[in-house]
Amino acid sequence: MTVTSQANPPSPPVDPWAPFVDAILAGLDAGLRGLSIPLGDAELRTQLDVEGGADGDIALPTHRIAHASRRDPAELALALAAAFPANPLVPSVRAKGAYVNFTVDPGRLTDATLSLVFQRGGRYGHAEPTGESVCVEHTSANPTGPFHIGRVRNSIIGDTLARARRAAGQAVTTQYYVDDMGRQAAMISWIWSKPRAEWPVPIRRAVDGEEIDGEKPDLHRGRPYPAISAYLKEHEDARAEVANLVRSIEEGQPPANHRELTEEILKGMLDSLARLKIGFDEIVWESSFLHDGSVERVLDRLRHAPHAVRESNGAWAIDASGLGLPKESTHVVFQRADGTSLYLSRDIAYHLAKFARFQSVTDVLGQDHQLHARTLSALLAEIGETSRPEFVIYQDITVPEGGRMSTRGGSAVWLDHLLEEAVERARREVLLRREDLSQGDIERIAESVATGAIRYHIVRVAPEKPVVFRWEEALSFEGRSGPFLQYSYARASSVLRRGEVAQGPYPYNADLLSDPEERSLIRILAGFPRAVTYAARSAHVQALAGYAHDLADQFNRFYHAVPVLKSGAERESRIALVAAVRQTLGNALDLLGVDRLETM
RNA sequence: GGGCGCGUAGCCUAGCCUGGAUAGGGCACCGGGUUCCUAACCCGGCGGUCGAGGGUUCAAAUCCCUCCGCGCCCGCCA
C-alpha cells in the first residue's frame with residue numbers, strides 16, 4: 001500500500017471565519033508550547049467560542065486548560081495573550097479574567113466575507129459536495145384526506161432539513177412513503193366502490209350538503225373518512241367487508257378503484273404542500289415491497305431470528321425482552337396468524353431498501369411513532385442488520401382547548417383553510433400599503449407572504465417542543481415572522497433598485513464600513529456558513545429560522561442608523577453591503593422555503 | 001404502572017447535543033421616531049428563583065439523580 005504525502009486536501013474557502021480561527025489556533029498553539037502545555041488543534045478548536053463574547057469576536061475560556069495543567073486561569077489567560085505572536089488578522093488579543101479575547105481585523109473580515117458572498121452568490125453558505133448520499137423521509141401521511149396543520153409540521157421540518165443538508169453538500173433524496181395497503185386506505189376504497197345510494201345512511205348524511213363543486217380531491221374523497229371510522233365501530237358486517245378488502249389488497253388483488261383513488265387523493269395533498277414549496281424526489285408505495293417479494297424475505301429473516309417465537313395460533317413474534325424496549329412491548333408480533341404482514345414488517349423491508357441505496361437514512365416522525373421507531377431499530381438488529389435510521393421526532397400541534405388535532409373530533413385545522421385565511425389577510429395588508437400594484441402582483445405577493453408566514457411559524461420552534469395552534473400567532477406578519485424576513489429582503493432589493501445597481505458588480509472599500517451597525521452586520525453575514533452546517537448536522541432546523549431573523553434584524557438596524565444611497569464617500573461600499581445582505585438573506589430564505597420578494 | 005418528550009418574564013420562543021464572562025429574541029403593554037433609501041420598520045422602557053429539590057464541577061438553563069406538572073405511546077392498527 002502506498003502512503004502518499006497528500007495531507008488533507010485544502011478545504012475550499014466557504015467560511016469567512018476560517019482563516020481567522022486558524023490564525024488564532026496557530027497563535028495559541030505557539031503560546032501553549034512555550035508553556036509546555038500539550039493540546040491538540042482539534043481539542044483547542046472545540047474550546048473556542050467563535051460566536052464571540054461581549055469583549056471580542058472570538059474568545060477562549062482558559063479554565064479547562066488551566067485546570068488540566070494546574071495553573072491559575074487568569075494567569076494563563078495573561079500568559080497566552082502575551083505570548084500571542086503578532087498577526088495582522090488578529091490585531092487585538094486581550095486577557096480579561098480567565099478569558100482571552102480576540103478581535104479580528106474588521107477590514108479583513110469584511111473583505112473575507114463580502115468577497116466570498118459575491119464570489120459564491122447563490123451558493124454562499126453552501127459547502128462543496130461531500131459525496132454522501134442521504135435519504136430524508138418525511139410527511140408520509142396516509143392518503144385518506146386533506147392535511148391538517150399538525151401533519152404539515154412533519155413536512156416543514158423534513159423539507160427544511162433536506163434543504164439544509166443539501167446546502168451542507170450532501171446528496172439528498174426526499175421520500176414520501178405512501179401507505180396504500182392498510183385499513184385506512186381500504187376504508188376509502190370501500191366507500192367509493194359503492195354507488196352513493198348504497199352508502200350507509202350515517203356516512204351519506206355526514207357528507208350531504210358539505211360538498212362544493214370542484215373541491216380538491218383529497219377533501220372530496222376524504223370527506224366520508226371520519227364517518228366511516230365511526231360507522232365501522234358499530235357495524236361488524238362493514239368491518240368484515242373492509243377486512244376482506246385489506247386481505248385482497250395484500251394478496252395483490254385490490255379493488256379496481258384502489259390505486260386510482262389513492263393517487264387522486266395523494267395528488268390533492270401534494271398540491272397543497274406544493275404551495276409551501278414542499279415536494280418529493282420520490283413517492284414510495286408501501287405495496288411495492290410486498291409485490292417485489294422483499295416483505296416475504298423480511299418475514300423469513302425474522303422467523304429465523306434468534307428470538308423468534310411462534311404463537312399457538314400460528315402468528316410469529318420476536319421475544320424482545322432484553323432488547324431494551326419498554327416492558328409491555330417486549331412481545332413484538334411481525335406476522336399475523338393468517339400469515340399476512342404488519343406495518344412494522346413492511347417498514348423493515350422499506351428501510352432495507354433505503355440502506356441499500358443511501359449512506360444515511362433519516363425519518364421525520366411524530367412522537368406517537370416513537371415506540372415504533374425504537375422497535376424498528378431493535379428488529380433491524382435482530383435480523384443482523386447494522387444500519388439504523390436517524391429519527392427526528394417532533395411533538396404534536398395541539399389546539400387551545402386541549403388535545404391533538406383530530407380529524408374525527410373536528411378540531412383539525414386544514415392546511416388549505418389556513419392558507420386561504422392567510423392569503424386573505426396578506427392581501428389586505430398589501431392593499432393597505434400599496435395602491436400602485438397590479439392585481440396579479442398583489443395576489444402573488446399575498447400568496448408568498450401567506451406561505452412564508454406559515455412555514456416560518458412552524459419551523460422557528462424546535463421539533464421536540466409541543467406547539468399550541470393559535471390563529472393569531474400563525475398569521476402574524478410582524479416581529480419574528482416570515483414576512484419580516486421578506487420585508488427586509490424587499491427593502492434591500494429596493495435600495496439596490498433605486499440605486500440602479502441591481503446587477504452589480506459591487507466594489508467596496510472595507511475601511512469605509514466602520515459604523516458599529518455595519519460591523520455587527522458583517523459579523524452576522526460571516527456566520528451564515530456556520531449556521532447552515534450546524535442546522536444540517538444537528539437537524540436543529542430552527543437554527544436557520546433564528547439566523548435569518550438575526551440577519552434581517554441587524555440589517556434593519558443598519559438601515560435606520562446610516563444612509564446608503566444618500567451617503568457620501570461610503571455610498572458605494574454601503575451598496576455592496578446591502579447587496580451582500582440581500583444575497584445572504586435570500587439564500588437563507590431559500591433554505592427555509594420562504595419566497596424572496598423583490599417588493600411588497 | 002412503564003417508556004419517551006416537554007417545563008425559560010402575562011403569552012410565545014432561542015440557547016441544552018459539545019457546561020464558561022451581565023440568559024438572546026418576539027408578542028402584549030408604556031414612551032418616542034416618517035419633509036430622508038419601503039413604518040410588515042427602528043429606538044427606549046417594563047418584565048426572569050431558566051418547574052422544585054439534591055448532586056457533579058473552579059463554573060450548571062446546559063450534565064446526573066429524585067420529585068411535581070403537561071403531552072404522547074405501550075394493538076395479530078398504521
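Residue numbers begin at 1 in each chain, while the letters A, B, ... track the order of the sequences. Predicted model, so just to flag it, every value in this text is computed and none were measured.
Judged by the 6.0 Å and 45° rule, A/Arg491 forms a cation-pi pair with A/Tyr559.
OP1 or OP2 of B/rC58 has not a single side-chain nitrogen or oxygen of A/Arg70 nearer than 4.0 Å. Residue A/Tyr534 places at least one side-chain N or O closer than 4.0 Å to OP1 or OP2 of B/rC16. The phosphate of B/rC11 (OP1 or OP2) has no side-chain N or O of A/Arg470 nearer than 4.0 angstrom. The phosphate of B/rA78 has OP1 or OP2 within less than 4.0 Å of a side-chain N or O from A/Arg346. Taking side-chain N and O atoms only, A/Gln47 has no distance below 4.0 Å to OP1 or OP2 of B/rG19. Between A/Lys465 and B/rG7 there is a side-chain polar atom (N or O) within less than 4.0 angstrom of OP1 or OP2. A close approach under 4.0 Å does not occur between any side-chain nitrogen or oxygen of A/Arg425 and OP1 or OP2 of B/rA40. At the phosphate of B/rA40, OP1 or OP2 sits under 4.0 Å from a side-chain N or O atom of A/Tyr487. At B/rA78, one or more side-chain N or O atoms of A/Arg336 fall inside 4.0 Å of OP1 or OP2 (strictly under the cut-off).
Put simply, the side chain of A/Val562 does not reach to within 4.5 Å of the side chain of A/Ser567, judged on heavy atoms. No side-chain heavy atom of A/Met600 sits less than 4.5 Å from a side-chain heavy atom of A/Val430.
Residues A/Gln542 and A/Arg64 both approach RNA chain B. Their nearest nucleotides, taken by heavy-atom distance, put A/Gln542 toward the 5′ side.
The base of B/rA21 sits with one of its N or O atoms less than 3.5 Å from a complementary donor or acceptor on the side chain of A/Asn101. The base of B/rC76 sits with one of its N or O atoms less than 3.5 Å from a complementary donor or acceptor on the side chain of A/Asn313.
Closest to the A/Leu371 side chain, of the nucleotides B/rG19, B/rA21, B/rC73, is B/rC73.
Contacts of A/Val564 with the nucleic acid, taken as non-hydrogen atoms under 4.0 Å apart, include base atoms. Across all strands shown, A/Ala185 has no heavy atoms under 4.0 Å from either base or sugar-phosphate atoms.
In summary, A/Arg433 and A/Glu429 engage in a salt bridge, as defined by a charged side-chain N under 4.0 Å from a carboxylate O.
Around atom CZ of A/Arg94, no more than 12 heavy atoms belonging to other residues, nucleotides or ligands sit under 6.0 Å away.
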A correct 5'-to-3' footprint of nucleotides 26-35 of chain B, with B, S and - meaning base, sugar-phosphate only and no protein heavy atom under 4.0 Å, is SS-----B--
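Separating the CZ atom of A/Arg498 from the C1' atom of B/rC37 is a distance of 7 Å, rounded to the nearest angstrom. The distance between atom CZ of A/Arg94 and atom C1' of B/rA21, rounded to the nearest whole Å, is 16 Å.
Of the nucleotides present, none pairs with B/rA21 by Watson-Crick or G-U wobble criteria with both distances under 3.5 Å.
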